[in-house]
K.L.:
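Would you mind keeping the following structure in view while I ask a few things?
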Amino acid sequence: MAYNICSSSSSLSHDPHLFFSSFSPPLALQFALFQPTPRLKQSNHSITLKPSLQLTQVSSQIPVSERTHPPNPPNSQSLDEKANSSSKSYIWVNPKSPRASQLRRHSYNARYASLSKIAKSLDSCNPVEEDVFDILASLGDKIVEQDAVIVLNNMSNADTAAIALKHFQQRFELNKETILYNVTLKVFRKCRDLDRAEKLFDEMLERGVKPDNVTFSTIISCARLCSLPKKAIEWFEKMPSFGCKPDDVTYSVMIDAYGRAGNVDMSLSLYDRARTEKWRIDAATFSTLIRIYGTSGNFDGCLNLYEEMKALGVKPNLVVYNSLLDAMGRAKRTWQAKSIYREMMNNGFEPSWATYAALLRAYARARYGEDALNVYREMKEKGMELNVGLYNTILAMCADVGFTDEGVEIFEDMKNSENSQPDSWTFSSLITIYSCSGKVSEAEATLNGMLEAGFEPNIFVLTSLIQCYGKANRTDDVVRTFDRLLALGITPDERFCGCLLNVMTQTPKEDLDKLTICIDKANSKLGYVVNLLLDEESIEEGIFKKEARELFDAIGSDVRKAYCNCLIDLCVNLNLLEKACELLDLGLTLEIYTDIQSKSPIQWSLHLKSLSLGAALTALHVWMNDLYRVLESGEELPSLLGINTGHGKHKYSDKGLAGVFESHLKELNAPFHEAPDKVGWFLTTKVAAKSWLESRHSHDVVAA
DNA sequence: AGTTCTCTCA
């Protein structure tokens, strides 16, 4: 793509914020560093590690058969029975030998696997005591509290988890009841059920079980997962009254909760506090902070945090990279997203779904068409499913950059997907894709498909359709679509009116009245200005400009330039040069256009980059008059004169401004020629310009 | 037993 700068040589070393090329430790070492600190799993066979020769029994629970065969399904034989049947066959191993640790791990893994199978059956059984207790009975008699913790910790069904908890409470004297409550709270959090979590907390208090920091951080994170950050803060503030003093993990959660509640300052002050009090700040917290900065638009802050993190010796993990990629995507700093991704890959990370999602959004937002498609293809290759949002993002990009066939193909893929069926946004993008490429019947068919799928056409769809009909010169269909919009009770917005205005610039003179009526209905102020513009009777001087000014003052800054461009185009089409000049002048006064003319000692230039053809021609006309006045006053022209049209080759216009402008320059007999080394520039010399300006003026005088 | 990642441009 012409404007794809991603593969350009823009080097990071120019960027003061980033020095990614700094050395990295060897891969193997990094992997070692990324390993989570192994936690000693407490198991039933207490192992006293003293002299190296002490022998330890490692098979108190798991039968010998399980050391070589996979465990049986949990219901076929109770774990307890298995334990009994094996109780006579001990083997003794040096506890420090590799064999011992292998066996320990194996026996733990086997038990863990059985317990998590039980958790799975509990998840899918009826939420009645009878069924839940039945399944739990298969645990046998010799279960310990730790087993109960493992079962609950692996569950995700809040109803059956509550019953299971009750069972365990009835079953044995618990001495770590808080832990059991905490893992049950985790299940409720998985179900995003804050209500239930809060009720369970009350029950803890009633039973005299003391909540701890884990209890609070679980409830707090549950609140934030339920998008109730204010609740999270409430819970945090409750901690001291229960004798709990927030620790590093609590602060980590709260940094996130404050960030999501929109209280960025509070997040940052917690971070500051954590730093000054020399708490351990881990990668998770940094990724949270980066996300907070990213969503609040402080993109330099993201990069600074990243540097700070590395300076503190905290290794970035995948989530940190994902947050950074997401932030750079939002910031439209696509090249930085690219280098972060490269760094991540060089450090041996495997991209996750979130990585691809962030990359895809970054590329799509910046219209890096090929890059975005590559991410899409890579995800498909890896069997990752895109969600509706990602599909829509990439389809919107296809519409923007003119990837018609690719867009259609992706839409088909989406229809075949399991969980990502097209929504109204999808249809809207597809209609835009067809509209922009002038495929009227396909656009119409897609609209019908959208209706069949049960979606109402929205303003975006109808805006696209109007554009589509306008381009095809089907004025009556434009009007019909406009009436449809009104019939649906949709209020035309500024963008929609801008689109109608744009259609007018492509419509034959005899059809303009039909569209003026629409515009009048949509926005009377705009309608009035358009009517004044079209009015052939002379109006009082200054009225047109005054009304146009009021219009520009009344509309949003995002559409001002589009409106001004269209109005000037209309003037130029109708040969109303004077009104065109008035509008251009107004555009300059209101700073809708800036820096159209520039002067350096050796070259004067005309910059037409974001101007429509009509506006560009008007600006050229004004410039030529200005230059002639300079000549008249006896001043010297500089040695070079240049016109910059930009290379702006938009996918959907047959030619960019550069191409169209060139033929106009020829028509005017202007001596400007395309610069061979600078794309989008037309240059001439002082001498050529002078004689041309003079001949043109005498020609004008004769014509007048 | 607790903290991060799934926020779609009009």
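In what follows, chains are A, B, ... by sequence order, proteins preceding strands, each numbered from 1.
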K.L.:
Using a strict cut-off of less than 4.0 Å between a Lys/Arg side-chain nitrogen and an Asp/Glu carboxylate oxygen, indicate whether D202(A) and K199(A) qualify as a salt bridge.
P.N.:
no
K.L.:
If you look at every strand shown and take non-hydrogen atoms under 4.0 Å, does R330(A) touch a base, only sugar-phosphate, or nothing?
P.N.:
base
K.L.:
Given atom CE of M384(A) and atom C1' of dC5(B), what is their separation to the nearest angstrom?
P.N.:
12 Å
K.L.:
Looking at E456(A), I want to see if its CD is surrounded by more than 12 non-hydrogen atoms of other residues, nucleotides or ligands under 6.0 Å.
P.N.:
no
K.L.:
Hey, is the side chain of R367(A) pairing donor to acceptor with the base of dC9(B) inside 3.5 Å?
P.N.:
yes
K.L.:
Relative to the ring of F236(A), is the ring of Y251(A) parallel (under 30°), tilted (30 to 60°) or perpendicular (over 60°)?
P.N.:
perpendicular
K.L.:
Consider the side chain of N387(A), meaning its heavy atoms from C-beta on, and name the nucleotide among dT6(B), dT8(B), dC9(B) that approaches it most closely.
P.N.:
dT6(B)
K.L.:
Does a nitrogen or oxygen in the side chain of R495(A) sit under 4.0 Å from OP1 or OP2 of dA10(B)?
P.N.:
no
K.L.:
Take the protein atom CG of L390(A) and the nucleotide atom C1' of dT6(B), then report the distance between them rounded to whole Å.
P.N.:
8 Å
K.L.:
A cation-pi test, strictly: NZ or CZ of K238(A) under 6.0 Å from the centre of the six-membered ring of W235(A) and no more than 45 degrees from its axis. Yes or no?
P.N.:
yes
K.L.:
Please tell me whether F201(A) and F242(A) form a close aromatic pair, meaning their ring centres lie under 6.0 Å apart.
P.N.:
yes
K.L.:
V319(A) or T295(A): which one's nearest nucleotide on DNA chain B is closer to the 5' end?
P.N.:
V319(A)
K.L.:
Is the phosphate of dG2(B), meaning OP1 or OP2, less than 4.0 Å from a side-chain N or O of K186(A)?
P.N.:
yes
K.L.:
Quick check against the 3.5 Å criterion: does N154(A) have a side-chain atom that pairs as donor or acceptor with the backbone of I150(A)?
P.N.:
yes
K.L.:
OP1 or OP2 of dT4(B) sitting under 4.0 Å from any side-chain N/O of R291(A)?
P.N.:
no
K.L.:
Less than 6.0 angstrom separating the ring centers of Y356(A) and Y363(A), yes or no?
P.N.:
no
K.L.:
Choosing from dT6(B), dT4(B), dA10(B), which nucleotide comes nearest the side chain of R224(A)?
P.N.:
dT4(B)
K.L.:
Can you sort out which residues in residues 210-218 of chain A have a heavy atom within less than 4.0 Å of DNA chain B? Ascending by number, please.
P.N.:
D212(A), N213(A), V214(A), S217(A), T218(A)
K.L.:
How many Å lie between CE on M155(A) and P on dA1(B), as a whole number?
P.N.:
16 Å
K.L.:
I292(A) CD1 to dC7(B) C1': how many Å, rounded?
P.N.:
14 Å
K.L.:
What pairs with R365(A) under salt bridge (charged side-chain N to carboxylate O under 4.0 Å, His left out), at least two apart in sequence or on another chain?
P.N.:
none
K.L.:
Could you tell me the separation between the CG atom of N317(A) and the P atom of dT3(B), rounded to a whole number of Å?
P.N.:
14 Å
K.L.:
Looking at D256(A) and R291(A), is there a salt bridge between them, counting it only when a charged N and a carboxylate O are closer than 4.0 Å?
P.N.:
yes
K.L.:
Is there ring stacking between W353(A) and dT6(B), where the centres must be under 5.5 angstrom apart and the planes under 30 degrees?
P.N.:
yes
K.L.:
Compare the minimum distances between each of dC5(B), dA1(B), dC7(B) and the side chain of R361(A), then state the nucleotide with the smallest one.
P.N.:
dC7(B)
K.L.:
Find the distance R189(A):CZ to dT3(B):P and express it as a whole number of Å.
P.N.:
4 Å
K.L.:
Heavy atoms from C-beta onward define the side chain here; which of dT8(B), dT6(B), dA1(B) lies closest to that of N392(A)?
P.N.:
dT8(B)
K.L.:
Of all of residues 240-255 of chain A, which get a heavy atom below 4.0 angstrom from DNA chain B, listed by number?
P.N.:
D247(A), V249(A), T250(A), S252(A), V253(A)
K.L.:
Rounded to whole Å, please give me the gap between CG in D282(A) and P in dT3(B).
P.N.:
11 Å
K.L.:
More than 12 non-hydrogen atoms from neighbouring residues, nucleotides or ligands closer than 6.0 Å to NZ on K380(A), yes or no?
P.N.:
yes
K.L.:
Assign S428(A) to base, sugar-phosphate, or nothing according to its heavy-atom contacts below 4.0 angstrom with the strands shown.
P.N.:
base
K.L.:
Of the options dA1(B), dC9(B), dT4(B), whose atoms approach the side-chain atoms of D256(A) most closely?
P.N.:
dT4(B)
K.L.:
Could you check whether A357(A) gets within reach of a base, just the sugar-phosphate, or nothing at all, counting any heavy atom under 4.0 Å?
P.N.:
nothing
K.L.:
To the nearest Å, how far apart are W425(A) CH2 and dC7(B) P?
P.N.:
13 Å
K.L.:
Are the charged groups of K310(A) and E343(A) less than 4.0 angstrom apart, N to O?
P.N.:
yes
K.L.:
Please classify the nucleic acid contact of D423(A) as base, sugar-phosphate, or nothing, using heavy-atom distances under 4.0 Å.
P.N.:
base
